[in-house]
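Small disclaimer: the values here were computed from a predicted structure and weren't measured. Numbers restart at 1 for each chain; the letters A, B, ... are given by sequence-line order, proteins then strands. Any value given below was found using the heavy atoms of this structure, including those in side chains, with hydrogens, waters and symmetry copies removed.
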Amino acid sequence: MSDLYIHNSLSSKKEKFIPINKDLIGLYVCGPTVYSDVHLGNCRTFTSFDIVYRYLQYIGYKVRYVRNITDAGHLDGDADIGTEDKMAKTAKALKLEPMEVAHHYTVGFHKMMELFNNLPPNIEPRATGHITEQIEMVQDILENGYGYEVNGSVYFNVQKFAEENDVYGKLSGRVIDDLLSETRDLKNQGEKRHSADFAIWIKADEHTLQRWNSPWGEGFPGWHLECSAMSTKYLGSRFDIHGGGEDLKFPHHENEIAQNCGACNVVPVNYWMHGNMLLLNGRKMSKTPDPITGISNSIMPQDLFSGKNEFFSKAYSPMVLRFFMLQAHYRSTLDLSDEALLAAEKGYYRLMEANHRLQDLVHTGEENIHENENEQIEKMIQAAIDDMNDDFNTPKALSRLFVLVNKINSIHTNQINISSIKEETFNKLKKVFNDFIFDIFGLKDETQSTDESTAHVLDGLMDLIINIRQDARTTKNWGTSDQIRDKLNELKIKLKDSKDGTSWTIEK
RNA sequence: GGUCGGUUGGCCGAGCGGUUAGGCAGAGGUCUGCAAAACCUUGCACAGCGGUUCGAAUCCGCUACCGACCUCCA
């Protein structure tokens, strides 16, 4: 097994992955703020890290995967100007308790993750459930001299932190002097000593719905704080991998590092990973409406699944979307288009169909071993694994699988004799191909019925229909046989005739 | 304006110094009652201009365009 390399945002280089503790990897991913439905772009990030989680486990690591739910403290706007957070805004608009809003969207988020077949994390902590930890962290920061209190709010002193630690700005590539010099032309500095400072505890005003008691009076935690507090609580002050969307790099992740460091005096994360954005019409997908057009450049997954949207010609299933995402590297932007999704859909079915064929094939004993074919198959299997070890290169690994699809189909149609393939190679192919599709890529087989009894009935019915059609074909009753084929096709059941008989698949 | 990243064939998208990426679409063929599926064959792609090199899509410089972040976003 070759070594795993991960692109580290801290160094902008691929680095060999060396875990802190071989027996348990710590993986933290920034989860959603549950004040609205997740859009497809959010789904991409979580899917990217689902692959990371799956693959780490596949190569034998035990992983503690922590992904938070932010249900408080996420400010909408500048902390100095207004203290209304995203949660409160939605709660007021819908006349609901903030917790009701959070719960509603949390349930929706979970449903969506399930549709994408993303595994649940091991721990999914909520910001509101960790107020104590966050207050303690603010206290630690104050004790270490990196925070200051003004009128019931507490701010992180970026200038002091930057002067004493060579840490701030490293992740996002910001130059400290630039950040600090921006002060001069800043109009609204408010209580902050410095424009680069940020709030870690914010005093509640009469409009604040979510408020907690603290040593500084009633208030609520700053946005970046919950990730710092919860990652420390569940993964320790130092852990292996922290992931999130590219757009969180600054200020969120930069401030997270500062807080951890400011509280615990250690740099918290060894490997920072950032997933790139999903594009719609060549622009970043975003909930925030365009200030000029007023249209938000985003699509909700459910609208894509139902086909009811203005962007695409038809409905696409969750697994087609997942497959589509796998075709691009997580660090590249990915452009959504009808043509691209159509291509992904066909590719997905082709891959699944090949796996069915492969799993149905039985090796019948070796004879006239074809060294070259064996070598090619072995090489592709190894290459796919090497690709995953190379910073989770799913598109490249997937391309290896498609080379194998070609081999599988050739074996299926007897263009390559199965007996010319070594049994060991064949069994390896069978296992690894299947592992890749289901365990590593996390694809689900949408062509199979999940309910066993329904599947049984369906199998029986299809056998019957195919037999009737075969009889019609034998008597050259093409009208009947074509009618059966066409009507089934309308039901998205595709018949495939071959010398050995007719097979069928459902394409959703 | 600052910082970073991108520009690959009809579309999506890998590759990042010498090898066919891959998917989809297209063309020709095999098979088939016809079709589908499958298989075989097929595409003079690397924004432009210079430079380095025996050799560059891949390294360096300049130009053009696009995007992200710098303010909430996965």
Side-chain angles (χ1 to χ4, degrees), chain A residues 12 29-33 35-36 38-49 74-78 81 85-86 89 169 172-175 178-179 181-182 223 243-252 254 274-279 282-288 296 298 323-324 326-329 331-351 353-354 357 383 387 390 393-403 405-410 412-416 473-474 476-478 481-482 485-486 489 494-499 502-505:
Chain A
S12 295
V29 173
C30 286
T33 304
Y35 67 100
S36 69
V38 283
H39 65 234
L40 208 60
N42 302 303
C43 296
R44 184 190 180 197
T45 299
F46 301 126
T47 303
S48 295
F49 288 105
H74 198 156
L75 287 168
D76 195 22
D78 196 307
I81 298 162
D85 69 27
K86 286 181 184 296
K89 210 171 170 182
S172 58
R174 278 300 115 177
V175 179
D178 291 352
L179 283 172
S181 66
E182 269 168 30
W223 170 37
E246 179 79 30
D247 51 357
L248 292 182
K249 222 187 234 179
F250 189 89
H252 184 60
E254 197 68 75
H274 288 96
N276 217 136
M277 301 295 105
L278 187 65
L279 268 40
R283 307 190 132 265
K284 176 186 172 182
M285 202 176 281
S286 176
K287 282 178 217 176
T288 316
S296 56
S298 72
F323 179 91
F324 175 68
L326 288 167
Q327 279 186 304
H329 189 91
R331 279 192 293 111
S332 302
T333 52
L334 174 59
D335 228 320
L336 267 177
S337 69
D338 210 31
E339 228 177 333
L341 285 178
L342 226 41
E345 187 174 53
K346 295 220 177 177
Y348 165 71
Y349 286 124
R350 190 164 132 88
L351 183 70
E353 186 57 23
R357 288 174 185 157
D387 293 334
D390 182 17
N393 196 330
T394 57
K396 218 171 162 188
L398 194 58
S399 80
R400 314 292 190 186
L401 257 49
F402 273 102
V403 173
V405 164
N406 192 269
K407 300 285 176 210
I408 292 163
N409 285 332
S410 294
H412 173 74
T413 55
N414 261 320
Q415 278 151 301
I416 296 174
R473 293 177 75 201
T474 315
K476 295 194 196 289
N477 184 352
W478 309 126
S481 75
D482 287 355
R485 185 174 68 197
D486 296 344
N489 201 35
K494 309 252 191 270
L495 293 185
K496 286 163 191 171
D497 294 327
S498 77
K499 284 184 189 119
T502 302
S503 65
W504 59 279
T505 48

**Student:** Indicate whether OP1 or OP2 belonging to B:C69 is found under 4.0 Å from a side-chain N or O atom of A:K284.
**Tutor:**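 Yes, within the criterion.
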**Student:** Quick one: is B:G67 close enough that its OP1 or OP2 comes under 4.0 Å of any side-chain N or O from A:R283?
**Tutor:**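 Affirmative; the distance criterion is met.
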**Student:** Tell me what A:S286 touches on the nucleic acid: a base, only sugar-phosphate, or nothing, going by heavy atoms under 4.0 Å.
**Tutor:**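 Touches a base.
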**Student:** Is the distance from OP1 or OP2 of B:C40 to the nearest side-chain N or O of A:N406 less than 4.0 Å?
**Tutor:**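 Affirmative; the distance criterion is met.
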**Student:** Is A:L248 touching bases, backbone alone, or none of the nucleic acid, heavy atoms closer than 4.0 Å?
**Tutor:**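 Answer is sugar-phosphate: A:L248 comes under 4.0 Å of backbone atoms only.
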**Student:** By the 4.0 Å heavy-atom rule, please label A:N409 as base, sugar-phosphate, or nothing.
**Tutor:**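 The answer is sugar-phosphate, as A:N409 gets under 4.0 Å only of primed atoms, P, OP1 or OP2.
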**Student:** NA contact type, A:D338, heavy-atom cut-off 4.0 Å: base, sugar-phosphate, or nothing?
**Tutor:**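 No contact.
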**Student:** Under a 4.5 Å cut-off applied to non-hydrogen side-chain atoms, are A:S481 and A:W478 in contact?
**Tutor:**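 Contact flag for A:S481/A:W478 side chains = yes.
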**Student:** Quick one: the dot-bracket string of RNA chain B, using Watson-Crick and G-U wobble pairs with both distances under 3.5 Å, [ ] for crossing pairs and | for bases paired to another strand.
**Tutor:** (((((((..(((.....[...))).(((((.......)))))....(((((..]....))))))))))))....
**Student:** So what does A:R331 hit on the nucleic acid, given a heavy-atom distance under 4.0 Å: a base, only sugar-phosphate, or nothing?
**Tutor:**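 The residue A:R331 makes no contact with any strand.
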**Student:** Step by step, work out the side chain to side chain donor-acceptor pair (under 3.5 Å) result for A:E339 and A:S337.
**Tutor:** CA-CA 5 Å; A:E339 228 177 333; A:S337 69; 5.7 Å; no
**Student:** Of A:M285 and A:Q415, whose closest RNA chain B nucleotide lies nearer the 5' terminus?
**Tutor:**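 Counting from the 5' end, the first nearest nucleotide belongs to A:Q415.
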**Student:** Any side-chain N or O of A:R473 below 4.0 angstrom from OP1/OP2 of B:G33?
**Tutor:**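 Looking at the OP1 and OP2 atoms of B:G33, neither is under 4.0 Å from any side-chain N or O of A:R473.
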**Student:** Categorize A:A343 for me: base, sugar-phosphate, or nothing, with a 4.0 angstrom heavy-atom threshold over every strand shown.
**Tutor:**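 Since a base atom lies under 4.0 Å of A:A343, the category is base.
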**Student:** Taking atom C1' in both B:U30 and B:U8, what distance in whole Å separates the two?
**Tutor:**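 To the nearest whole Å, 33 Å.
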**Student:** Which whole number of Å gives the distance between the P atom of B:U58 and that of B:C34?
**Tutor:**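 Comparing P positions in B:U58 and B:C34 gives a spacing of 50 Å.
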**Student:** With a 4.0 Å cut-off on heavy atoms, is A:S12 in touch with a base, just the backbone sugar-phosphate, or nothing at all?
**Tutor:**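 The residue A:S12 makes no contact with any strand.
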**Student:** At under 4.0 Å between heavy atoms, what does A:H39 touch on the DNA or RNA strands: base, sugar-phosphate, or nothing?
**Tutor:**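 Base contact.
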**Student:** Under 4.0 Å, counting only non-hydrogen atoms across every strand here, what does A:G244 touch: a base, just sugar-phosphate, or nothing?
**Tutor:**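 Sugar-phosphate only.
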**Student:** Reckon A:F324 touches a base, only the sugar-phosphate, or nothing at all at heavy-atom distances under 4.0 Å?
**Tutor:**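 Touches sugar-phosphate only.
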**Student:** Are OP1 or OP2 of B:A14 and a side-chain N or O of A:S332 less than 4.0 angstrom apart?
**Tutor:**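 For A:S332, the contact criterion (side-chain N or O under 4.0 Å from OP1 or OP2 of B:A14) is met.
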**Student:** Describe the nucleic acid contact of A:L334 in one word from base, sugar-phosphate, nothing, applying a heavy-atom distance below 4.0 Å.
**Tutor:**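 Sugar-phosphate, no base atom in range.
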**Student:** Are the ring of A:F402 and the base ring of B:G23 both nearer than 5.5 Å at their centres and tilted by less than 30°?
**Tutor:**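 According to the criterion (under 5.5 Å, under 30°), no, A:F402 does not stack.
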**Student:** Between B:A74, B:G33, B:G22, which one does the side chain of A:T45 approach most closely?
**Tutor:**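 Closest nucleotide to the A:T45 side chain: B:A74.
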**Student:** Just to confirm, is there a sub-4.0 Å distance from OP1 or OP2 of B:A74 to any side-chain nitrogen or oxygen of A:K287?
**Tutor:**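 So the side chain of A:K287 is within the cut-off, an N or O lying under 4.0 Å from OP1 or OP2 of B:A74.
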**Student:** Is any side-chain N or O of A:K346 closer than 4.0 Å to OP1 or OP2 of B:A25?
**Tutor:**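 Answer is yes, contact under 4.0 Å.
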